[in-house]
Visitor: 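My structure is below; once you've seen it, I'll send some questions.
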Amino acid sequence: MKKILLILIVLLQSMQLSAIDWQWSVIVNGSVSSETKMRSRAFLWIPPHCKKVRAVVFGMHNMIEEGIFEDPYFRQSMSDLGFAVVWVTPMLDMPWDVNSGVQKSFDQMLNDLAEVSGYKELRYAPVVPLGHSAAATFPWNFAAWNPDRTLAILSVHGDAPQTNLTGYGRKNMDWGNRTVDGVPGLMVEGEFEWWEARVNPALAYRKAHPQSPVSFLCDAGRGHFDYSDGMIHYLCLFLKKAAEYRLPAVSPEDGPVALKPVNPADGWLCDRWRLDGIKRAAAAPYSKYMGNKDDAFWYFDKEIALATENYYAKMRGKKLQYIGFMQDGHLLGYNTKSHVRSSAQWEQEADGLTFHLKAAYTDTLRQYLSDEHASTPPSISRICGPVIKINDTTFSVRFYRMGLNNERRTGDIYLLGMNDGDDHYKSSVQELNLHIPMRNTVGMAQHITFAPLPDVLKGTPSLPLNGTSDSGMPVYYYVQEGPAEVKDGRLYLTEIPVRAKFPIKVTVVAWQYGRSVEPKVQTAEPVVRSFYIVNKFDNSLIDHNIQAWMDKDYYPGGALCVMKDKHVLFHKTYGGFTDDTQVYVASAGKWTAAATITSVVDKGKLKWNDRVDKWLPEFKKDPKGAITLKHLLSHTSGIRPYLPEPRVDNYNHLDSAVAEILPLDTLFAQGTRFQYGGLAMQIAGRMAEKASHKEFEQIFQDNIAKPLGMTHSHFSPVERSGGHAPMLAGGLCTTLHDYMVFLDMIYHDGTFGGKQVIKPQSIEEMQTDQVGEAKVLPGEYVQKALGQTHTGIYGLGEWRELVDSIGNAYQVSSPGWAGTYPWINKHDGVYGFFIAHVEPQIMNEDFFSSFYDSSVLSREVSEILQRGIE
């Protein structure tokens with residue numbers, strides 16, 4: 001029976017930990033965070049049955065904010081009130097200094113969340129700023145600069161308004177003539193962090209500003225780093241009262257909400273918290289209060305005033321008890337000079353994630369175990385950080401939406417030892433810090449394969465998550481954004497808010513931490529996969545995806561065309577692009593360059609197995625002379641992918657380009673490895689020049705461009721800022737129209753306009769596996785972008801993205817770093833091209849890669865076609 005009960009408890013804990021979703025997220029415009037070297041991300045939760053958001057509770061990533069926001073009781077209370085919740089990580093600005101631009105960033109953030117969610121009223125909804133500890137000063141400052149929009153203020157284990165002792169330890173903001181008159185604010189201070197210097201400024205502010213309704217809660221029996229059920233219930237009661245007394249019965253969706261100011265004289269007063277044995281005045285309505293009003297705090301009404309008194313009464317007249325931590329059977333040290341006081345060493349089990357700690361009762365100095373304590377044992381819970389609780393002594397690392405790249409926070413786990421006490425002993429708490437290495441960098445490298453997730457219809461219950469690691473260790477997942485949760489390696493879609501805007505993006509991250517015990521394994525690079533929940537499958541899904549890229553400034557513009565034989569499935573331009581806008585398409589040019597060289601083979605002037613030294617005599621005494629044309633075009637030649645720094649490709653003709661490559665050592669023997677790059681194609685192009693007695697640009701124009709009518713395409717000259725003339729692997733300048741006719745020719749086995757431009761057998765050769773037995777290292781494009789594990793990943797100048805059961809490629813492509821993505825899918829009978837040129841700094845902040853993520857377009861086209869929509 002005990003075993004069954006234990007299993008049930010573990011399952012319930014697992015369910016609770018995994019069931020907290022945030023349906024949307026946006027990047028916050030503004031300054032770059034010192035923690036991540038990127039901009040912050042805002043997460044939005046809206047109650048599923050919410051027809052209209054009445055207010056927004058807003059907090060930033062310090063410590064206990066996220067725990068409060070994700071607490072089931074808090075979420076249910078916000079659902080009852082119709083309140084949304086926004087959490088931002090990392091913090092935007094600790095003091096809320098409007099001179100830093102933080103207010104502008106905040107306003108734009110709510111606008112962006114309103115747009116992505118469909119809840120337009122977020123642009124104007126009243127705000128409840130909530131902050132803890134170092135972030136506990138900002139709620140008061142936020143309200144001082146936004147008095148007409150602030151519904152209530154929550155400073156948790158924190159600060160008084162205009163305090164001279166800020167949580168972040170620096171000088172406070174100068175409010176000038178600003179006040180928080182009429183805006184109810186709550187300051188919470190833990191009993192075991194009690195410090196008169198923090199509370200007295202609150203009383204002083206009340207006295208100086210009698211129209212400012214300042215409430216106070218001593219979190220009796222608690223400390224600084226923790227939050228309890230009792231405190232969360234109290235916060236929710238405070239917000240319930242704020243909604244009751246301040247929100248109008250009806251508010252507009254397209255304009256500011258007229259909040260009703262609170263008159264302190266209409267409320268109640270309660271005496272400040274005092275130590276046991278000191279008589280306190282009874283709580284009473286403001287006008288009937290018999291104590292010193294300058295030494296009392298304000299409360300909305302009788303209910304919350306008595307709730308405050310009852311909160312205190314539960315802990316009065318009881319003995320103190322003390323909690324410490326044990327690891328490996330030994331009591332951990334207690335450092336009074338440390339902010340956290342207790343720290344543990346990282347002692348992991350073989351899975352690299354699990355560790356053990358135990359809470360124990362101790363003497364006052366935490367040096368010895370003690371028998372003087374409550375009748376119930378102490379327990380351990382999570383404060384913050386990448387950790388879950390399995391049971392009271394077993395914990396496991398679990399990364400979550402914060403990500404793995406926050407240098408300050410990712411590796412820090414904070415746990416709380418606690419006991420609620422009994423009839424004789426008072427509640428007791430003690431925090432602990434555990435630091436884990438971020439990342440594991442010693443041992444065997446590992447790589448995750450995680451296939452793209454399909455877009456799904458609303459109402460789809462779940463999706464399998466089939467990520468694997470080549471280390472053999474299990475892959476774990478977290479939901480970055482979206483109405484979804486992960487349980488037992490499967491993604492379950494949660495309830496969608498009733499007014500949600502479709503499609504809704506869901507982002508899942510696969511990770512594997514590795515281990516620092518033998519056999520040691522390095523942390524894998526996480527793999528990020530996004531998909532959409534849609535109302536129906538049609539071309540609007542593709543349009544929404546590309547428009548989102550434009551809206552986020554990944555690209556200044558772009559264009560897409562998708563054809564099913566001669567029928568246009570989708571055609572649209574974005575951001576000023578037209579069908580004839582010319583841009584450099586980076587590696588998308590590899591396909592065209594290879595086709596140009598193939599045309600020379602077709603004429604019998606070159607052969608696939610020709611050695612380099614047959615055409616370039618300067619290589620006759622060099623090992624590279626034995627490399628064949630096929631090796632050069634399939635990235636199996638062993639030639640370096642790029643020139644070693646600081647050298648740059650600033651030659652003007654292929655003969656000088658080849659001269660730069662000649663003295664370079666190869667990295668591996670030809671045919672033994674695959675390594676994607678560009679230099680080898682320069683040699684292949686030079687071979688075609690020698691065989692044709694023409695420069696490469698002329699070969700391209702004569703054999704490919706002119707027969708196809710590609711009048712706006714060229715390899716040379718290229719812009720001198722890039723320094724390449726020509727660069728076969730990345731220097732093609734073209735247009736949507738021109739590249740589409742090129743794909744038309746490839747799709748139709750080399751014919752265009754009734755003429756054979758390239759022989760059918762040559763098209764087949766280009767799409768045949770040319771990697772063969774060469775070793776393919778983990779993390780190449782088809783694995784990282786498409787989650788494919790086949791090794792026949794490349795033909796001649798094109799990727800073999802998808803292959804059938806016998807290894808024949810049915811989807812081929814040539815994605816470019818700039819964001820361009822051409823592809824052909826034989827099974828679907830389609831070919832398409834997305835043309836753009838990326839803004840690289842912006843995309844990196846949003847887990848977006850122009851090279852790896854553009855393939856989502858081919859996936860979405862296939863999904864639409866599979867459902868019979870054309």
Visitor: Do His837 and Tyr555 have ring centroids that are under 6.0 Å from one another?
Guide: no

Visitor: For a side chain to side chain contact (heavy atoms under 4.5 Å, CB included) check, start with the C-alpha distance between Gln811 and Ser858, then their side-chain angles and the critical distance, and finish with the verdict.
Guide: CA-CA 9 Å; Gln811 181 162 302; Ser858 64; 3.1 Å; yes

Visitor: Do Gln701 and Glu697 have side-chain N/O donor and acceptor atoms under 3.5 Å apart?
Guide: yes

Visitor: Indicate whether the side chain of His571 and that of Asp579 have a donor and an acceptor atom separated by less than 3.5 Å.
Guide: yes

Visitor: Using 0.5 Å steps for rounding, measure from the CG atom of Asp622 to the NZ atom of Lys620.
Guide: 12.5 Å

Visitor: Is the backbone N or O of Asp538 less than 3.5 Å from a side-chain atom of Arg867, with the two atoms forming a donor-acceptor pair by type?
Guide: no

Visitor: Yes or no on side chain to side chain contact (heavy atoms under 4.5 Å, CB included) for Phe450 and Val528, after CA distance, side-chain angles and deciding distance?
Guide: CA-CA 8 Å; Phe450 183 27; Val528 182; over 6 Å; no

Visitor: Residues in side chain to side chain contact (heavy atoms under 4.5 Å, CB included) with Ser530, at least two apart?
Guide: Lys505, Thr507

Visitor: With side chains defined as the heavy atoms from C-beta onward, is the minimum distance between Glu780 and Ile793 less than 4.5 Å?
Guide: yes

Visitor: Take Ser656 and His653, measure what side-chain hydrogen bond (donor to acceptor under 3.5 Å, both in side chains) needs, and give me the verdict at the end.
Guide: CA-CA 6 Å; Ser656 56; His653 300 278; over 6 Å; no

Visitor: Would you say the ring centroid of Phe848 lies under 6.0 angstrom from that of Trp549?
Guide: yes

Visitor: Counting only heavy atoms not in His447, do more than 12 sit closer than 6.0 Å to its NE2 atom?
Guide: yes

Visitor: Can Thr578 and Thr581 be counted as having a side-chain donor-acceptor contact under 3.5 angstrom?
Guide: yes

Visitor: Does the distance from a Lys or Arg side-chain N to an Asp or Glu carboxylate O, for Glu764 and Lys759, drop under 4.0 Å?
Guide: no

Visitor: So which heavy atom on Glu801 is nearest to which on Ser813, and how close?
Guide: OE2-OG, 2.7 Å

Visitor: Side chains of Asp702 and Lys694, heavy atoms from C-beta outward: is any pair under 4.5 Å?
Guide: yes

Visitor: When you check the side-chain N and O atoms of Asn111 and Glu115, is any donor under 3.5 Å from an acceptor?
Guide: no

Visitor: So do Ser634 and Phe674 actually touch side chain to side chain, heavy atoms under 4.5 Å?
Guide: no

Visitor: Check whether any side-chain heavy atom of Trp608 lies under 4.5 Å from a side-chain heavy atom of Thr598, and answer yes or no.
Guide: yes

Visitor: Please lay out, stage by stage, how Ile542 and Ile864 fare under the test side chain to side chain contact (heavy atoms under 4.5 Å, CB included).
Guide: CA-CA 10 Å; Ile542 300 170; Ile864 292 169; 3.8 Å; yes

Visitor: For Leu743 versus Gly832, what's the shortest heavy-atom pair and its separation?
Guide: CD1-O, 3.2 Å

Visitor: Can you find a pair of side-chain heavy atoms, one from Gln788 and one from Leu802, that are under 4.5 Å apart?
Guide: yes

Visitor: Less than 4.0 Å between a side-chain N and a carboxylate O, is that true for Glu863 and Arg859?
Guide: yes

Visitor: On a heavy-atom basis, which atom in Asp665 and which in Arg640 lie closest, and how many Å separate them?
Guide: O-NE, 3.6 Å

Visitor: Report the C-alpha distance between Asp828 and Ser862 in whole Å, list the side-chain angles of each, state the deciding distance to 0.1 Å, and finish with yes or no for side-chain hydrogen bond (donor to acceptor under 3.5 Å, both in side chains).
Guide: CA-CA 7 Å; Asp828 294 335; Ser862 294; 2.4 Å; yes

Visitor: Check the side chains of Thr36 and Asn405 for a donor-acceptor pair under 3.5 angstrom, ignoring hydrogens and angles.
Guide: no

Visitor: Strictly by modelled atom types, are Gln770 and Thr636 linked by a side-chain donor-acceptor pair under 3.5 Å?
Guide: no

Visitor: Are Tyr747 and Tyr831, when compared by the centres of their aromatic rings, separated by less than 6.0 Å?
Guide: yes

Visitor: Ignoring hydrogens and angles, state whether a donor on the side chain of Tyr574 or Asp543 is under 3.5 Å from an acceptor on the partner side chain.
Guide: yes

Visitor: Please give me the minimum heavy-atom distance between Arg686 and Leu654, naming the atom from each residue.
Guide: N-CD1, 3.7 Å

Visitor: Determine whether the side chains of Ser25 and Glu481 contain a donor N or O and an acceptor N or O closer than 3.5 Å.
Guide: yes

Visitor: Stepwise, does the side chain to side chain contact (heavy atoms under 4.5 Å, CB included) test hold for Glu618 with Leu662?
Guide: CA-CA 8 Å; Glu618 61 267 37; Leu662 178 58; 4.2 Å; yes

Visitor: Do the side-chain N and O atoms of Gln783 and Thr449 include a donor-acceptor pair separated by under 3.5 angstrom?
Guide: yes

Visitor: Taking all atoms of both residues into account, what is the closest heavy-atom pair of Leu616 and Lys690, and its distance?
Guide: CD2-CG, 3.8 Å

Visitor: Answer with yes or no after comparing the ring centroid distance for Tyr532 and His544 against a 6.0 Å cut-off, counting only values under it.
Guide: yes

Visitor: Check the pair Phe834 / Tyr821 against ring pair (Phe, Tyr, Trp, His ring centres under 6.0 Å), numbers first and verdict last.
Guide: CA-CA 5 Å; Phe834 173 65; Tyr821 178 63; 8.6 Å; no

Visitor: Taking the side chain as every heavy atom from C-beta outward, state whether Thr592 and Leu728 have any pair of such atoms under 4.5 Å apart.
Guide: no

Visitor: Within a strict 4.5 Å, meaning less than it, do heavy atoms of the His712 and Gln582 side chains meet?
Guide: yes

Visitor: Look at atom NZ of Lys603 and say whether more than 12 heavy atoms of other residues, nucleotides or ligands are closer to it than 6.0 Å.
Guide: no

Visitor: Return the set of residues passing side chain to side chain contact (heavy atoms under 4.5 Å, CB included) with His827 (not counting sequence neighbours), or none when no residue passes.
Guide: Tyr810, Asn825

Visitor: Please report the C-alpha distance between Tyr794 and Tyr781 in whole Å, then the side-chain angles of each, then the deciding distance to 0.1 Å, and finally whether the ring pair (Phe, Tyr, Trp, His ring centres under 6.0 Å) criterion is met.
Guide: CA-CA 10 Å; Tyr794 210 80; Tyr781 167 76; 9.5 Å; no

Visitor: Side chains of Ser637 and Gln670: any donor to acceptor distance under 3.5 Å?
Guide: no

Visitor: Below 4.0 angstrom, N of the basic side chain to O of the carboxylate: do Glu525 and Lys784 qualify?
Guide: no

Visitor: Quick check: closest heavy atoms across Val509 and Pro526, and the distance to 0.1 Å?
Guide: CG1-CB, 3.8 Å

Visitor: Less than 4.5 Å apart, side chain to side chain, heavy atoms only: is that true for Phe696 and Ser716?
Guide: no

Visitor: Determine, stepwise, if the pair Asn29 / Ser105 fulfils side-chain hydrogen bond (donor to acceptor under 3.5 Å, both in side chains).
Guide: CA-CA 6 Å; Asn29 289 322; Ser105 295; over 6 Å; no

Visitor: Does either side chain, that of Thr751 or that of His748, offer a donor lying less than 3.5 Å from an acceptor on the other one?
Guide: no

Visitor: Does the gap between the ring centers of Trp817 and Tyr584 come in under 6.0 Å?
Guide: no

Visitor: With Lys605, which residues qualify under salt bridge (charged side-chain N to carboxylate O under 4.0 Å, His left out), at least two apart?
Guide: none

Visitor: Is a salt bridge present between Asp744 and Lys566, judged by a nitrogen-to-oxygen distance below 4.0 Å?
Guide: yes

Visitor: Under the criterion ring pair (Phe, Tyr, Trp, His ring centres under 6.0 Å), I'd like the reasoning laid out for Tyr676 against Trp799: C-alpha separation, chi angles, the key distance, then a yes or no.
Guide: CA-CA 10 Å; Tyr676 190 65; Trp799 292 96; 4.9 Å; yes

Visitor: Would Phe742 and Tyr739 satisfy ring pair (Phe, Tyr, Trp, His ring centres under 6.0 Å), going step by step from the backbone distance to the final call?
Guide: CA-CA 5 Å; Phe742 170 75; Tyr739 208 104; 5.4 Å; yes

